[in-house]
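One structure is given here, and the rest of the page talks about it.
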Amino acid sequence: MDVPLHSLPPHLRLLAWPALRGVGGPVPLDVVVPDHYSGLPTPLLAQADGVAVRFPAGPAPSDAALLTLLTSQTTTPELRPLLDIVVGMAIWDEALRTRGVFVGNAYLASEDAVGALLTVTGVEVPGSLVGHLEELQAFELLYRFPVAYKFRGMYGAERQCRLNGWGRLLYRHLAEADGAGLPVATWRAAVDRHLGTYHEPYRVALDRAVRAVDEAPGETWDTVRALPVPVLM
């Protein structure tokens, strides 16, 4: 039975990532890709019409069954490093709120800022970090777009990033599954130590970002770039 990939909730589509990449051996879900899409990169396949997930004959598994597969410790190794990035970004956002640094959902100011955050947590991401962020964006798990004019006052290659509600939902499911084999507690402790050291610089920078306006752009950028993990709102 073939089910359009887009019919699955974004966090469950991640199960198709290994198959879309053409990874050899067993994969969490098999996919069907039309011949005319052959050779397209994973982000385009994740968004293309006609790409489907192939289930065995009979009714398609429920979302609950797919979630159980997603959070199983046999599956999560196949979905790293994408899960590592999602969890690291969620822990960061959560810690900014619990430590009173920022009440909303903060953005990381660039892809390099995501890398700096992963360094804080101790996560080493193989391959291209930008490529992985493009894949997470294609699966509709995060926002990623050029840094807002009011922050920088000019266009640059940097893309500010943060998880959307589906990305945060994925994190909650993994946390409820005791991390699903990921060292979530270790990463959380590392972020907490970091914010304990740099609490005030982050608070000041995000306060300045909140007050940024298009009529006086650029003042925020130098402030946030000086942070160990550059952040915006």
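These numbers were taken from a predicted model, which means no experiment stands behind them.
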With side chain to side chain contact (heavy atoms under 4.5 Å, CB included) as the criterion, how do L67 and H173 come out once you've worked through the C-alpha distance, each side chain's angles and the decisive distance to 0.1 Å? CA-CA 8 Å; L67 180 61; H173 284 313; 3.4 Å; yes

Can L129 and V114 be said to form a side chain to side chain contact (heavy atoms under 4.5 Å, CB included), step by step? CA-CA 8 Å; L129 176 58; V114 178; 4.3 Å; yes

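Of the listed residues (Q160, R159, R144), just one forms a side-chain hydrogen bond (donor to acceptor under 3.5 Å, both in side chains) with E111, and that residue is R144. With E94 as reference, R188 is the one residue of R188, R168, R172 to meet the salt bridge (Lys or Arg N to Asp or Glu O under 4.0 Å) rule. Put simply, the residue from L29, L170, T75 that forms a side-chain contact (heavy atoms from CB on, under 4.5 Å) with L14 is L170.
Atoms CG and CG, from L15 and L79 in turn, are 6.0 Å apart once rounded to the nearest 0.5 Å. Rounding to the nearest 0.5 angstrom, the gap separating the CG atom in D63 from the NE2 atom in H11 is 7.0 Å. Put simply, CD on Q47 and CZ on F139 are 9.5 Å apart, with the number rounded to the nearest 0.5 Å. To the nearest 0.5 Å, atoms OG1 (T197) and NE2 (H199) are separated by 11.5 Å. For the atom pair CG of N164 and CD of E140, the computed distance is 8.0 Å after rounding to the nearest 0.5 Å. To the nearest 0.5 Å, atom CH2 of residue W221 and atom CZ of residue R152 are 5.0 Å apart.
Counting heavy-atom neighbours within 6.0 Å of E124 CD, excluding the residue itself, gives a total of 12 or less. More than 12 heavy atoms of other residues, nucleotides or ligands sit less than 6.0 Å from atom CZ of R97. Annotation: Y198, atom OH; neighbour count of heavy atoms from other residues, nucleotides and ligands within 6.0 Å does not exceed 12.
Classification of the Y202-W92 ring pair by plane angle, with boundaries at 30° and 60°, yields perpendicular.
Under a hydrophobic-cluster definition in which Ile, Leu, Val, Met, Phe, Trp and Tyr are linked whenever side-chain heavy atoms come within less than 4.5 Å, directly or via other members, V147 and V130 are assigned to different clusters. Under the 4.5 Å side-chain heavy-atom criterion for ILVMFWY residues, a single connected hydrophobic cluster contains both M1 and V53. There is a path of hydrophobic side-chain contacts, each under 4.5 Å, that joins F145 to L142. One hydrophobic cluster holds both V210 and V101 under the rule that ILVMFWY side chains link at heavy-atom gaps under 4.5 Å.
Counting only heavy atoms from C-beta outward, the side chains of T121 and V87 never approach each other to under 4.5 Å.
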In residues 37-46, what donor-acceptor pairs under 3.5 Å come from side-chain atoms, sequence neighbours left out?
| from | atom 1 | to | atom 2 | distance (Å) |
| --- | --- | --- | --- | --- |
| Y37 | OH | D49 | O | 2.8 |

Going by atom type alone, with no hydrogens or angles, which donor-acceptor pairs under 3.5 Å involve a side-chain atom of residues 223-233 and a protein atom two or more places apart or on another chain?
| from | atom 1 | to | atom 2 | distance (Å) |
| --- | --- | --- | --- | --- |
| T223 | OG1 | R208 | NH1 | 2.7 |

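In this structure, R162 fails the cation-pi test against Y143, since its NZ or CZ atom is not both closer than 6.0 Å to the six-membered ring centre and inside 45 degrees of the ring normal.
Salt bridge R203/D207: absent, no basic N to carboxylate O contact under 4.0 Å.
Applying the side-chain hydrogen bond (donor to acceptor under 3.5 Å, both in side chains) test to D192 and every residue at least two apart in sequence or in another chain returns R99.
Residues G179 and V184 share a closest heavy-atom pair of CA-CG2, 3.8 Å.
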